[in-house]
Amino acid sequence: MSKTIETLDDVVIRFAGDSGDGMQLTGTQFTNTTALVGNDLSTLPDYPAEIRAPAGTLFGVSSFQLHFSSWDILTPGDHPDVLVAMNPAALKVHLKDLKKGGLIVANIDSFDDKNLSLAGFTANPLKDESLENYQLIEVPITKLTLAALQGVGLTQKEMVRCKNFFALGLMYWLYSRPLEPTEEWIKGKFGNEPKVAEANDKALKSGYYYGENTEAFASQYQVKPAQLKPGLYRNVTGNEATALGVVAAAHKAGIPLFYASYPITPASEILHNLSGYKNYGVRTFQAEDEIAAAGVAVGAAYAGNLAVTGTSGPGAALKSETISLAIMLELPLVIVDVQRGGPSTGLPTKTEQSDLMFVTYGRHGEAPAVVIAAATPADCFSMAFEAARIAVKYMTPVYLLTDGYLGNGSEPWLVPNSKDLPEIPVHYRTDPENFNPYSRNENNSRPWALPGTPGLEHRIGGLEKANITGDVSYDPENHDFMVKLRAEKVAGIAKDIPLQEVYGEQSGDLLVLSWGGTFGAVRSTVDRIRKKGHKVSHAHLRYLNPFPRNLGDVLKNFKTIFVPEINLGQLAKLLKSEYLVPVVQFNKVRGLPLRSAELEQAIMDTLGGAK
Amino acid sequence: MSKTIETLDDVVIRFAGDSGDGMQLTGTQFTNTTALVGNDLSTLPDYPAEIRAPAGTLFGVSSFQLHFSSWDILTPGDHPDVLVAMNPAALKVHLKDLKKGGLIVANIDSFDDKNLSLAGFTANPLKDESLENYQLIEVPITKLTLAALQGVGLTQKEMVRCKNFFALGLMYWLYSRPLEPTEEWIKGKFGNEPKVAEANDKALKSGYYYGENTEAFASQYQVKPAQLKPGLYRNVTGNEATALGVVAAAHKAGIPLFYASYPITPASEILHNLSGYKNYGVRTFQAEDEIAAAGVAVGAAYAGNLAVTGTSGPGAALKSETISLAIMLELPLVIVDVQRGGPSTGLPTKTEQSDLMFVTYGRHGEAPAVVIAAATPADCFSMAFEAARIAVKYMTPVYLLTDGYLGNGSEPWLVPNSKDLPEIPVHYRTDPENFNPYSRNENNSRPWALPGTPGLEHRIGGLEKANITGDVSYDPENHDFMVKLRAEKVAGIAKDIPLQEVYGEQSGDLLVLSWGGTFGAVRSTVDRIRKKGHKVSHAHLRYLNPFPRNLGDVLKNFKTIFVPEINLGQLAKLLKSEYLVPVVQFNKVRGLPLRSAELEQAIMDTLGGAK
Amino acid sequence: MANTNGNGEIQVKKYTAKDFASDQDVRWCPGCGDYSILAQVQRILPDLDVPKEKHVFVSGIGCSSRFPYYMDAFGIHGIHGRAPAIASGVKSANPDLTVWVATGDGDALSIGGNHFIHALRRNIGLKIMMFNNRIYGLTKGQYSPTSELGKKSKSTPFGTIDYPFNPVQLALGAEGTFVARCLDRDPKHLQQTLLRAARHEGTSFIEIYQNCNVFNDGAFLTFTEKDTKPDNVLYLEHGKPLLFGKENEKGIRLNVFTPEIVNVKEGKWSINDILVYDETSFDLAVLLATFSDRVGFPTPIGVFFNVQRKSYEQMMTEQIESVTKKRGKGDLDKLLKSGNTWVVSAN
Amino acid sequence: MANTNGNGEIQVKKYTAKDFASDQDVRWCPGCGDYSILAQVQRILPDLDVPKEKHVFVSGIGCSSRFPYYMDAFGIHGIHGRAPAIASGVKSANPDLTVWVATGDGDALSIGGNHFIHALRRNIGLKIMMFNNRIYGLTKGQYSPTSELGKKSKSTPFGTIDYPFNPVQLALGAEGTFVARCLDRDPKHLQQTLLRAARHEGTSFIEIYQNCNVFNDGAFLTFTEKDTKPDNVLYLEHGKPLLFGKENEKGIRLNVFTPEIVNVKEGKWSINDILVYDETSFDLAVLLATFSDRVGFPTPIGVFFNVQRKSYEQMMTEQIESVTKKRGKGDLDKLLKSGNTWVVSAN
Ligand SMILES: Cc1ncc(C[n+]2csc(CCOP(=O)(O)OP(=O)(O)O)c2C)c(N)n1
Ligand SMILES: Cc1ncc(C[n+]2csc(CCOP(=O)(O)OP(=O)(O)O)c2C)c(N)n1
Ligand code: SF4
Ligand code: SF4
Ligand SMILES: [Mg+2]
Ligand SMILES: [Mg+2]
């Protein structure tokens with residue numbers, strides 16, 4: 001049976017099912033295949049704080065959203081075109097996001113009374129009019145999978161577990177994707193379990209052929225490769241990119257990388273990734289807690305390593321006292337905060353931008369630290385690299401802010417060649433002549449003097465330091481001097497970071513000013529508005545402390561500054577106190593990326609007001 | 001021999017000697033006696049971070065400054081009129097502060113070669129012209145003390161230790177103070193050691209008679225009692241007042257006080273004081289660290305106590321994660337931060353105002369907390385009481401900021417009657433009917449529902465709460481709602497705090513705006529400037545988050561806002577971001593109270609510019 | 001023991017296990033060992049004669065720390081590692097409450113290690129149940145401080161390089177007064193031990209071997225499966241000889257100071273040679289604690305140590321009472337007006 | 001052992017104690033026990049044949065934690081309680097360094113308790129000297145976790161209500177591989193023990209009883225004064241019988257499992273009945289650790305426990321080496337370009 005193949009510009013697909021249904025894996029496979037096909041893409045995994053809550057419950061639903069296209073896209077999309085619902089709970093939770101008229105692929109085998117009632121349906125939505133506004137495709141995924149796997153030699157339970165591959169195969173067919181990448185992956189993954197490998201492979205193919213052979217779908221689709229910049233690509237999540245960024249920085253600095261951390265969602269993957277790079281000389285240290293991790297990192301920095309410690313909000317809170325020490329010691333240190341929903345444990349698996357004030361001001365005393373933030377999953381690589389560069393050049397702690405969305409989300413990344421990455425010059429002090437631990441170079445940086453270096457024996461500590469000698473000093477004037485010096489050193493880094501760029505007109509009525517993980521949502525929204533003919537510019541901040549030195553001028557060129565954030569207005573506060581400019585805030589704190597439609601509406605409203 | 005008695009309006013006296021010389025005790029005795037005589041007073045103890053550094057060294061010098069007067073004074077004074085120098089190091093360290101023409105009382109017995117060289121003198125300053133500009137009185141204090149104590153039956157070492165009482169007696173004579181209060185104190189203190197009691201008593205009297213009988217001093221002085229508001233007074237340090245404030249609040253709330261803390265300079269005295277109030281039902285818990293102390297306090301608050309945890313900067317940093325939990329739990333909690341010099345260990349025995357941004361923003365996530373600050377040592381009582389009132393009324397953590405100067409410094413306090421203190425109504429929830437842990441009253445406060453109350457069984461925790469039910473909720477809209485609700489609750493407290501008052505004209509060219517422990521220095525400076533005929537107003541903030549609701553209007557009424565702080569401009573930042581007004585900053589971060597003369601100069605300069 | 005409720009009435013209500021189940025859906029993975037522990041706790045509470053509202057369950061963060069949500073009692077789901085501190089506040093503010101701590105091997109021994117050892121040292125009245133699955137469950141499979149050396153986990157793809165704690169040994173080192181070990185899959189024994197822990201004055205600590213079937217499945221299989229259990233588990237019972245094996249044929253004998261395993265059914269040794277367990281002996285407790293680390297030795301399950309020592313909250317109460325008796329009940333006005341005071345009169 | 005310096009030359013310089021004294025004035029109170037500890041450390045360092053620049057002293061906060069300032073070596077005066085963490089970073093980043101930790105009873109056991117037990121568990125190469133004065137010195141006299149029950153201090157005017165830790169027992173509970181106790185006032189023994197600690201692979205822990213003559217004067221007087229010391233101190237020596245008393249007339253005998261004190265000069269018992277110390281026996285170490293808490297028993301001084309166990313940093317190095325051997329030295333470009341890659345060509 002041959003079907004028409006329609007060409008689409010982009011598709012947003014969301015896989016949803018129980019935590020145990022393998023939706024994250026399904027999504028990742030679809031992503032990898034889609035990347036290989038050459039589409040641009042952006043992903044949004046979303047999983048519950050529970051590991052594997054009882055089957056069928058609403059809170060146990062796990063999902064993976066993927067946006068792929070033939071053009072340059074920036075977000076995982078607000079509203080899916082297709083929802084693959086493996087059970088009633090998945091349908092219940094995600095239906096509200098589906099585009100009107102969108103496609104629902106439902107595994108009808110799971111729509112039994114028990115599951116319907118667990119999901120809080122009083123009637124079977126497949127059977128009444130509730131889905132009238134959508135295209136519903138009912139597929140007995142479980143039964144078909146079981147049928148396909150008879151004779152493979154697995155138990156019933158094991159066979160049922162393969163149903164996500166059936167769904168994956170079906171979607172591959174629907175969007176004309178090749179099976180080979182996943183077939184390869186299955187071979188590699190289940191090499192030791194030939195039966196499992198065979199079963200998954202069979203389920204995958206059965207799904208594919210089900211699409212091909214049945215009348216279920218009216219047509220098949222294709223999405224042409226995107227016109228990306230030429231080069232070698234891979235798909236990376238923000239956490240992978242962060243790990244690679246610090247490895248690359250250590251390499252370019254010619255010093256060993258030391259990563260000390262304590263597991264915490266959504267930062268743990270950085271530790272997982274780095275712990276696999278032992279042959280790159282990477283040392284990883286799973287500490288007893290975040291305080292220890294920070295302390296270990298300080299010790300490693302003292303001993304001359306590129307020391308990095310990663311965490312999320314609650315862990316960052318615990319590290320605060322130790323970072324204050326690192327500021328007094330003036331040692332290089334990168335602290336990665338993969339932000340999540342707060343306060344307290346909050347929404348541990350969701351994204352948020354609410355640690356900006358905390359990393360900027362969350363230390364006792366006058367304790368200035370550098371703060372930078374990544375804009376997209378792949379940008380985590382560049383900003384991790386940049387954090388390391390600044391830290392070792394200025395002998396200072398640098399916070400790198402990413403977030404749950406960036407950390408878990410992925411996009412194609414144009415992989416750089418190591419030789420094209422900037423060098424990071426490191427000069428350990430070796431000359432004992434006139435050595436003073438708190439003398440300064442032209443950047444106000446003190447020397448990095450490693451234990452083990454003959455003649456440089458010296459002591460540093462958390463008590464106030466005398467200028468130059470670094471001895472303990474209780475002298476009032478020296479304290480005033482040093483407090484101001486430390487502040488100046490950090491402020492002075494402004495001259496070493498790029499000027500703020502503005503997308504669109506360089507002056508005008510409205511500047512949308514964003515930072516961090518909202519880049520994609522904001523830029524695509526601004527783009528859409530601009531395409532409609534409105535003059536709206538966009539500036540996206542990656543440097544938060546210090547700000548780019550032209551930022552004040554940039555702001556002056558616009559009548560209205562619009563600041564969208566996934567917090568209650570933290571960048572807005574910083575801008576107001578620094579530049580005394582009023583700003584219009586847009587704050588949605590839902591644990592989710594900003595929604596383009598809402599954002600567009602708010603910008604348009606402001607634009608109306610701005611004129 | 002009778003001498004003339006001159007009458008003075010006020011005197012600033014500084015006792016200085018080795019850490020082991022008992023200068024803190026001497027100062028405290030002089031203070032108590034002076035208080036009893038009816039002078040107004042203000043004190044500034046200053047001691048090294050070392051316990052008792054080797055005798056004679058510069059870093060081992062300990063001092064106690066006292067300002068007393070016949071009028072209402074506000075500061076311990078910038079420049080002493082008299083310096084009692086028990087050894088060369090004390091002279092070396094403190095001479096630069098002495099008023100030109102001031103009096104030096106030096107214990108010449110300690111000016112031997114060893115001590116001179118330890119103090120870094122190449123020649124004996126008593127013997128050359130270095131002290132030309134001062135009145136030098138040389139007294140062989142050690143020898144005279146030894147002579148007086150022959151036969152009491154103490155060892156030589158023990159006798160030498162009494163020399164501070166000789167010096168005290170001498171100063172009592174010089175300023176016409178009675179001996180009785182100290183004699184009484186000696187009796188009480190050394191009741192079990194009659195020889196020591198006798199020796200100290202004798203040393204005290206010998207000092208007194210030495211003044212009376214020798215020609216050393218040209219005249220004797222008196223300072224008439226101050227015209228204080230009538231009532232019963234006592235001298236209190238800020239830390240004592242804080243302790244009394246929370247005891248009083250617990251009493252007026254009718255609930256037990258629970259103080260959990262970990263020792264840290266300069267906050268430990270709050271723990272010391274409260275641990276002595278066992279018969280007031282006060283529970284004190286010395287925890288293993290500050291994190292535990294905060295956790296214990298959260299537990300005690302849950303169980304219905306007035307929970308307080310006190311610390312200084314580094315400890316406050318450690319508590320941050322737990323305070324974020326308390327914010328999610330919406331439990332009442334008072335956190336006292338007796339600020340000291342930072343960052344890191346910094347200047348642990350010195351004062352500073354550099355934790356304002358930290359307590360305001362130093363928590364991950366959107367975690368709003370109330371911040372208030374005491375203005376003077378005695379004001380610590382009122383503000384501690386106020387912190388407790390707000391905490392229990394609004395079920396929220398409240399930070400009370402004091403500082404090393406307030407905590408250790410003292411002033412006469414008009415003791416209130418308990419019946420005149422405001423009531424603090426506490427309504428524990430008892431009715432199980434319609435009980436919902438996150439329902440709200442008119443103040444947006446949730447019910448305080450104690451374990452042990454039948455029918456109220458419920459669970460709370462750090463995960464996001466559903467509005468009203470308090471169940472765990474991962475719902476995006478609920479999170480947005482709750483984040484905003486928590487912010488509103490704290491912002492709403494503005495309607496329950498006093499309007500900001502302005503001292504002087506209510507509008508004009510220049511408003512000096514200060515907060516916290518600088519009150520005395522700023523008010524007296526403004527006063528002096530006003531007496532010279534300049535129009536300068538002063539507003540002193542005790543409420544930092546939320547700000548008093550009229551603060552924006554107050555600021556609008558002045559052309560220039562001048563903000564002096566012992567930090568790099570933290571209040572200035574908050575004002576700018578909140579009100580978008582430019583401010584003139586004055587920042588001296590020396591670990592010391594602001595100096596009046598400098599401040600006056602800076603205000604005058606600004607005033608010049610403001611016109 | 002009968003209790004009075006808030007209104008002073010005598011509480012005589014008899015509960016069933018169900019009364020302690022909250023209305024919240026239990027969110028652990030199907031098959032998780034946590035379910036059994038929850039069930040056993042709910043089962044024993046009716047036997048305690050403590051009114052429901054006097055039970056407080058405090059936890060940190062981890063799968064295990066979701067425990068309080070499932071109990072119809074008071075509860076705080078705290079922050080990672082801090083449960084003993086929060087619980088100490090609850091207990092010392094109101095000693096009348098029965099305060100439980102539900103924690104994991106990471107929560108209690110990694111980030112919470114300090115509060116854990118200090119709670120034990122203070123002997124404060126907390127009933128600490130540590131669900132030891134030798135893994136970080138909630139954060140999806142990193143090794144914990146009880147994971148065996150060399151374990152491959154998400155954060156140690158080439159194997160761990162740090163030695164594990166022996167939780168019983170650590171608790172004994174930290175002055176624990178009631179220290180026990182149980183199995184999630186031996187419900188009866190777990191119930192008995194929970195009851196004893198609940199009734200102990202001061203801190204009681206129970207390490208519960210708990211299967212995490214998602215990230216560390218089968219970690220304790222040899223102790224729970226019918227065919228391997230007899231040879232690998234040694235039940236400790238006060239006053240009873242230390243016997244194990246399918247037919248209780250093996251016993252522990254003390255060769256001067258060195259324990260050895262002997263067979264009591266082959267003639268050379270008889271039951272009279274076998275060490276009789278004494279749970280009040282610290283030295284024996286420590287000796288037995290090391291068994292789980294000795295190759296060839298069975299892993300002891302049961303109460304290792306149990307002695308009476310006055311609790312922290314008891315001493316706190318007594319101190320307040322004795323000072324109050326000596327000095328009289330504090331009067332606020334007296335306190336405020338204490339010290340050197342003087343009067344300024346209006347003139 | 002000869003070392004090479006930074007330039008690859010063989011380091012043969014012989015140091016004296018003075019070479020390890022920094023130019024900083026020592027700021028402890030006159031008479032403080034810390035002086036002796038400082039002197040002994042400076043005295044033994046020349047015997048180690050480690051070049052000066054390879055010594056790193058890390059401390060927390062407290063009087064004792066001022067230690068690094070006085071050593072002419074590398075040093076970090078850290079923050080309260082965190083010295084073991086910072087030192088672990090130094091040591092694992094550069095295992096070639098000799099890393100010391102100077103800490104107090106409050107620093108190590110109160111706020112730093114968690115890092116302390118985890119360092120011991122990991123057996124990471126730190127030489128931990130804990131100055132135990134049973135008080136908080138620097139903050140002027142609050143009780144510490146080693147203060148005796150009932151102690152009156154600034155923060156406990158009516159006496160403490162929490163039981164102290166026994167640091168040796170805790171260290172053993174936490175898997176310490178070298179655990180010792182010394183006296184500030186027995187310089188020779190302190191020197192010997194420091195040397196052994198320095199040469200131990202992994203974590204060594206020495207509790208040093210240290211007199212704080214300002215806030216807790218005389219806490220250890222019975223162990224240091226000539227007339228009381230013999231009856232109150234039991235020196236532990238590997239392979240030697242446990243004898244003490246003015247004329248070594250008293251000994252420790254093990255009555256099955258219970259230690260008792262017997263007289264070896266009165267006929268009934270002889271030296272052959274006396275327990276011969278074996279510092280490799282964990283059980284003996286724990287038994288002896290409890291002596292200081294047993295009424296009537298002497299307090300043991302010396303090495304309680306000493307076993308060989310591969311250190312954390314050693315395993316870290318080996319793991320890196322073995323993975324590198326297996327996979328080849330990492331190439332950055334390969335790493336960046338790993339995973340599923342695809343090429344977009346210019347067109
Ligand atoms: C301060 C902080 N750090 C880290 C985390 C992340 N985290 C949550 S639970 C957990 C470990 C859980 O392990 P365990 O205590 O053994 O409990 P289990 O899930 O195995 O029952 C970690 C690391 C956190 N929530 N807070
Ligand atoms: C985070 C933090 N909390 C508290 C303190 C205050 N503090 C400094 S040293 C110390 C205790 C010192 O006791 P110990 O470790 O026994 O050392 P010692 O002075 O007796 O040698 C305390 C509580 C601090 N510096 N930092
Ligand atoms: S991850 Fe493991 S411990 Fe956690 S709920 Fe699942 S099975 Fe239980
Ligand atoms: S206070 Fe005690 S421990 Fe500290 S230096 Fe003085 S004597 Fe030594
Ligand atoms: Mg676990
Ligand atoms: Mg101490």
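All chains are named by letter (A, B, ...) in the order of the sequence lines, taking the proteins before the strands, and each is independently numbered beginning at 1.
- Expressed to the nearest 0.5 Å, how far CD of B:Q353 lies from CD of A:E366 amounts to 10.5 Å.
- For the residue pair A:K484 and B:N587, the shortest heavy atom distance occurs at NZ-O, 2.9 Å.
- Neither the backbone nor the side chain of B:T360 comes within contact range of chain A, judged by heavy atoms closer than 4.5 Å.
- Taking A:P368, A:G346, A:G591, A:A367 one by one and counting their heavy-atom pairs under 4.5 Å with chain B, the maximum is reached by A:G346.
- Listed options A:G315, A:G342, A:A326, A:S354 were ranked by heavy-atom pairs under 4.5 angstrom with chain B; first place goes to A:S354.
- For a residue to count as touching a neighbouring chain, one of its non-hydrogen atoms must lie under 4.5 Å from one of that chain's; by this rule A:L325 touches chain B with backbone and side chain alike.
- At a 4.5 Å heavy-atom cutoff, the contact between B:R486 and chain A is made by side-chain atoms alone.
- Atom OH of residue A:Y361 and atom CG of residue B:L356 lie 11.0 Å apart, to the nearest 0.5 angstrom.
- The minimum heavy-atom distance linking A:H364 with B:S344 is given by the pair NE2-O, 3.1 Å.
- Within residues 459-467 of chain B, the residues that have a heavy atom under 4.5 Å from a heavy atom of chain A are B:G462, B:L463, B:E464, listed by number.
- Within the 3.5 Å criterion, the main-chain N or O of A:V589 finds a donor-acceptor partner in the side chain of B:D480.
- Heavy-atom distances place the side chain of B:E352, and not its backbone, under 4.5 Å from chain A.
- The shortest non-hydrogen separation linking B:D355 to A:G365 is OD1-N, 2.9 Å.
- Ranked by heavy-atom pairs under 4.5 Å with chain B, the first of A:L568, A:V483, A:T349, A:T322 is A:L568.
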Task: Worked check of side-chain contact (heavy atoms from CB on, under 4.5 Å) between A:L318 and B:I291 - done: CA-CA 9 Å; A:L318 289 169; B:I291 302 178; 3.9 Å; yes
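- How far CG of A:D475 is from CZ of B:F59: 15.0 Å, rounded to the nearest 0.5 Å.
- Between A:H479 and B:K350 there is no side-chain heavy-atom pair separated by less than 4.5 Å.
- No part of B:I566 comes within reach of chain A, as not one of its non-hydrogen atoms sits under 4.5 angstrom from that chain.
- A:P343 has its side chain out of reach of B:R363: every pair of non-hydrogen atoms, C-beta onward, lies at least 4.5 Å apart.
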TODO: Carefully, step by step, assess A:S320 and B:S320 under the rule side-chain contact (heavy atoms from CB on, under 4.5 Å).
DONE: CA-CA 9 Å; A:S320 162; B:S320 162; 5.9 Å; no
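- Of all heavy-atom pairs between A:F358 and B:G362, the closest is CD1-C, 3.3 Å.
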Donor-acceptor contacts under 3.5 Å from residues 572-584 of chain A side chains, at least two apart:
unit_1	atom_1	unit_2	atom_2	d
A:S577	OG	A:L574	O	3.4

